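All chains are named by letter (A, B, ...) in the order of the sequence lines, taking the proteins before the strands, and each is independently numbered beginning at 1. Reckoned from all heavy atoms, side chains included, excluding hydrogens, waters and symmetry mates. Please read these numbers as outputs of a predicted model, since none were measured by experiment.
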Amino acid sequence: MNPSAGPSSPRPPAPMSCRRRAGGTSLSGEGRGPPGAGSGRGLHLRVFRVDGDRAPRIACASPFPRGNREMADQTPLSDDLGATEREIIAHRLEKAAGLRALGVNPYGNGLSPTHLAADLVARYGDLPAAQIAEDPGPWSVAGRVLAVRDFGKAAFLKLQDRSGQIQVWVKKDRVGERDFAVYKLLDVGDIVAATGPATRTRTGELTVEAAGFTILTKATRPLPEKWHGLTDVEQRYRQRYVDLVVTPGVREVFVKRARIVSTIRRFLDERGYLEVETPTLHKPEEAGGAAARPFETHHNALDLELKLRIATELHLKRLVVGGLDRVYEIGRIWRNEGIDRRHNPEFTTIEFYQAYATHQDLMTLTEQLFHELAVQVTGAPVITFQGQAIDLTPPYPRVSMLAEGARALGLSPEDALAGRGLAEALARAAAREQDGADAWKLEQAARRSPGEIVAAAFEVFCERQLPKDRPAFVVDFPLETSPLSRRRDADPRLVDRFELFVAGMEVANAFSELNDPADQRARFEAQLKAKAAGDDEAMPFDEDFVRALEHGMPPTAGEGIGVDRLAMLLTDSPSIRDVILFPLLKTRE
RNA sequence: GGGCGCGUAGCUCAACUGGCAGAGCAAUGGACUCUUAAUCCAUAGGUUGAAGGUUCGAUUCCUUCCGCGCUCACCA
């Protein structure tokens, strides 16, 4: 994937180094630097920043005024600084003052580079220095300095912008006295701009040979060590801004995540779906659509108890009633539950609903979508997740929850659903189960309905045996596991539902929707009973939703996909926190 | 919430059985105009996550607390 989000081909080298926004001071070109700014021979584009509209000033002030240390020490600093860091920050503040003395605002604005690092790579590729010299630019780049190799009167900088990295070569006899004085106030981590022709150094690295150089933003805190970077995952999540700068691949993960979302959006738009937004603040009776505990909040002016939504389902189905036959929502939902490698309290789902479709239609659509995602995001239909190759090329195998769950218990599907010999089979299975937690799970299931027992047996014995080298649809869900699904006409003990598993993770859940208002009312009533019996994940009775169904919802199929887990798969990330920019962490101290 | 593990300089890590808290990078001063973790000389940098306890002596052992990771339960 091309990491550059900019122009696909390099713009022709601009005659002027940098674009100026209105109100800015025009850039000096050849011979128009501040007084005393060094020799004027050769290409001598100059990049510098002047505060406001004032003219350039102060060419040769002391670049490093002494007596600023006291000032720096008085600058408000956080209390949590060690002596080393305090000293580093004080030094950098002194350098910021030195920049001001040179007429350079250490937090200047108004100067935009006209090129990206990737533009130079795209233009020159592997061309040798001699050919680059035939058409060397100039080029104008800006970015964060990740490394400095200083030789006294010259230096190599490793510059990083949104497209990649490019080396900048700052030579005193090329940039002139003043810009070199600016360079001398540089620290790793600062954001700089450089202008000059391209070249290739003796060691073969594509390089901007700076004819003009300035510091745009002074970083007063040091970056982590250049070689090891940040390895403490806690710091990486808490200070994602640092992580993005210094940890290779992090930016690419979030670029891919954005591409996942845009690919889904385009996929559904092309098929006539309408994107909508529904409330995230739910009244208590609306906060259903899934089995989960909601977050609670309160609206002051209305004095209203509210919950953050746990699903988008019930509102989207109301819209299908209203005639929006194909709708989808990509949005954040919140579930007040545990946190682990696959769960974050807030996460993103895509839910879409299609009238006059069945869950069979959605299986085909899902296969097309996942194949498309793999190609668009990773460039190929076969992805690699944690060392396992997974082929997302359709079709995907179907695995029957009923047949496999019953078989794991040594029963026929008929006997299992009828409960014949089920208790004994379950006890035998639990007894031979080595894993204590799984055995406990089976024992707990014994108190539940036959359908739920089959589902539990499938979960314990069969889920881990699903194909690892490709996705799999789990089908034939017992009715009791699916309160919002439509019963199967051919066998009312089952529902028309599937879940898609990839790499052992459930990433999609879909079914033909229940649109019989009487049945829906009965199922909500069952939820109320469950809640009264202590199930705090049971749904509330949403009277208005039943009312909507009473107006008639066309036969509809709907699906929900976990965007975060999809991002894990397509970026080969082992933890959901690696695909969430700012995962929830406890407050420190 | 349970179990296991981790927390030492800005960053990455050492410190034996309880015995003077150390190194690399970064920083600071100096040399160096083709480097790739540049090199060389010198200097400085510590509330060992926090609070207690045991001990002549605690980074080390014990207790409690805080934070993070893995895992189990719940869940998508």
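In terms of the side chain to side chain contact (heavy atoms under 4.5 Å, CB included) criterion, residue partners of A:E367 (sequence neighbours excluded) are, by chain and number, A:P394, A:P395, A:Y396, A:R398, A:F473. Contacts of A:E452 classified as salt bridge (Lys or Arg N to Asp or Glu O under 4.0 Å), with partners at least two apart in sequence or in another chain: A:R448. With sequence neighbours excluded, no residue satisfies side-chain hydrogen bond (donor to acceptor under 3.5 Å, both in side chains) with A:D232. Evaluation of the side-chain hydrogen bond (donor to acceptor under 3.5 Å, both in side chains) rule for A:E513 yields A:K317 as partners, not counting sequence neighbours. Annotation: side-chain hydrogen bond (donor to acceptor under 3.5 Å, both in side chains) contacts of A:R523 (sequence neighbours excluded): A:D519. Residues that satisfy the side-chain hydrogen bond (donor to acceptor under 3.5 Å, both in side chains) test with A:T278, not counting sequence neighbours, are A:R309, A:E329.
Spacing between B:rU35 and B:rG19 at atom C1', rounded to whole Å, works out to 46 Å. Taking atom C1' in both B:rU71 and B:rU28, the straight-line distance is 46 Å, to the nearest Å. Rounded to a whole angstrom, the distance from the P atom of B:rA9 to that of B:rG5 is 23 Å. Of the P atoms belonging to B:rC34 and B:rU39, the separation is 15 Å, rounded to the nearest Å. If you take atom C1' in B:rA44 and the same atom in B:rG57, they sit 29 Å apart, rounded to whole Å. Using atom P as the reference point in both B:rA42 and B:rA37, the two lie 24 Å apart (nearest Å). Taking atom P on both nucleotides, B:rG3 is separated from B:rC65 by 11 Å, rounded to a whole Å. For the P atoms, the distance linking B:rC16 with B:rG49 amounts to 15 Å, nearest Å.
Across all strands shown, the partner of B:rC65 is B:rG49, judged by Watson-Crick or G-U wobble contacts whose two distances both fall under 3.5 Å. In a base pair of the Watson-Crick type (N1 to N3 plus N6-O4 or O6-N4) or a G-U wobble (N1-O2 and O6-N3), with each distance short of 3.5 Å, B:rU33 is matched with no nucleotide. Under the Watson-Crick or G-U wobble criterion, with both distances below 3.5 Å, B:rC70 is paired with B:rG3. For B:rG19, the paired base is B:rC56 (Watson-Crick or G-U wobble, both distances below 3.5 Å). Remark: B:rC25 base-pairs with B:rG10; criterion is Watson-Crick or G-U wobble with both hydrogen-bond distances under 3.5 Å.
Sorted by first and then second residue, the salt bridge (charged side-chain N to carboxylate O under 4.0 Å, His left out) pairs with a member in residues 472-484 of chain A read A:D476-A:R488; sequence neighbours excluded. Pairs of residues two or more places apart, or lying in two chains, never qualify as ring pair (Phe, Tyr, Trp, His ring centres under 6.0 Å) while including a residue from residues 189-212 of chain A. The ring pair (Phe, Tyr, Trp, His ring centres under 6.0 Å) analysis of residues 178-204 of chain A, with sequence neighbours excluded, yields the pairs A:F180-A:Y183.
For the pair A:R149 and A:F156, the cation does not sit on the ring face, since its NZ or CZ is not both under 6.0 Å from the ring centre and inside 45° of the axis.
Nucleotide B:rA76 holds its P atom 16 Å from the CZ atom of A:R309, rounded to whole Å. A:E94 places its CD atom 10 Å from the P atom of B:rU28, with the value rounded to the nearest Å. Straight-line distance from the CD1 atom of A:I339 to the C1' atom of B:rU71: 15 Å, rounded to whole Å. The distance between atom CD1 of A:I576 and atom P of B:rC68, rounded to the nearest whole Å, is 17 Å. To the nearest angstrom, C1' of B:rC34 lies 13 Å from CG of A:D173. Between A:L206 atom CG and B:rC34 atom P there is a gap of 19 Å when expressed in whole angstrom units. To the nearest angstrom, P of B:rU35 lies 7 Å from CZ of A:R202. Atom CD of A:E459 and atom C1' of B:rA76 are 12 Å apart (whole Å).
Looking at heavy-atom distances under 4.0 Å, A:D340 makes contact with a base. Here A:R342 lies in heavy-atom contact (under 4.0 Å) with a base. When heavy atoms are screened at a 4.0 angstrom cut-off, A:I561 is found touching no nucleic acid atom at all. Residue A:E506 is in sugar-phosphate contact alone, with no base atom involved, counting any heavy-atom pair closer than 4.0 Å across all strands shown.
The residue among A:A290 and A:G204 whose nearest nucleotide of RNA chain B is located toward the 5' end is A:G204. Toward the 5' end of RNA chain B, the nearer of the two residues A:K226 and A:R92, judged by each one's closest nucleotide, is A:R92.
A side chain to side chain contact (heavy atoms under 4.5 Å, CB included) with A:I215 holds for exactly one of A:D179, A:V145, A:I191, A:V182; it is A:V182.
Closest to the side chain of A:E234, from the set B:rU35, B:rC74, B:rG67, is B:rG67. Of the candidate nucleotides B:rC68, B:rU33, B:rC34, B:rU33 has the atom nearest to the side chain of A:K171.
With respect to the salt-bridge test (charged N to carboxylate O, under 4.0 angstrom), the residues A:R236 and A:E234 do not qualify. No salt bridge links A:R335 with A:E346; every basic N to acidic carboxylate O contact stays at or beyond 4.0 Å.
Looking at A:I576 and A:M568, their side chains come closer than 4.5 Å, going by heavy atoms from C-beta outward. Under the 4.5 Å side-chain criterion, counting only non-hydrogen atoms from C-beta, A:R257 is in contact with A:V563.
Residue-to-nucleotide contacts include no donor-acceptor pair under 3.5 Å from the side chain of A:E87 to the base of B:rU28.
Between A:K586 and B:rG67 there is a side-chain N or O to OP1 or OP2 distance below 4.0 Å. Within the 4.0 Å cut-off from OP1 or OP2 of B:rC68, at least one side-chain nitrogen or oxygen of A:R238 is found. Taking only side-chain nitrogens and oxygens, A:K158 never comes nearer than 4.0 Å to OP1 or OP2 of B:rA38.
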Check nucleotides 30-32 of chain B for protein N or O atoms closer than 3.5 Å to its own N or O atoms and list the pairs.
| residue | atom | partner | partner atom | Å |
| --- | --- | --- | --- | --- |
| B:rC32 | N4 | A:D150 | OD1 | 3.2 |
| B:rC32 | N4 | A:G152 | N | 3.3 |

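Less than 4.0 Å separates RNA chain B from at least one heavy atom of each of the following residues of residues 344-353 of chain A: A:N344, A:F347.
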Inset, instruction - Do nucleotides 10-15 of chain B as a string where each nucleotide becomes B, S or -: B if the base has a protein heavy atom under 4.0 Å, S if just the sugar-phosphate does, - if no protein is that close. - result: BBSS--

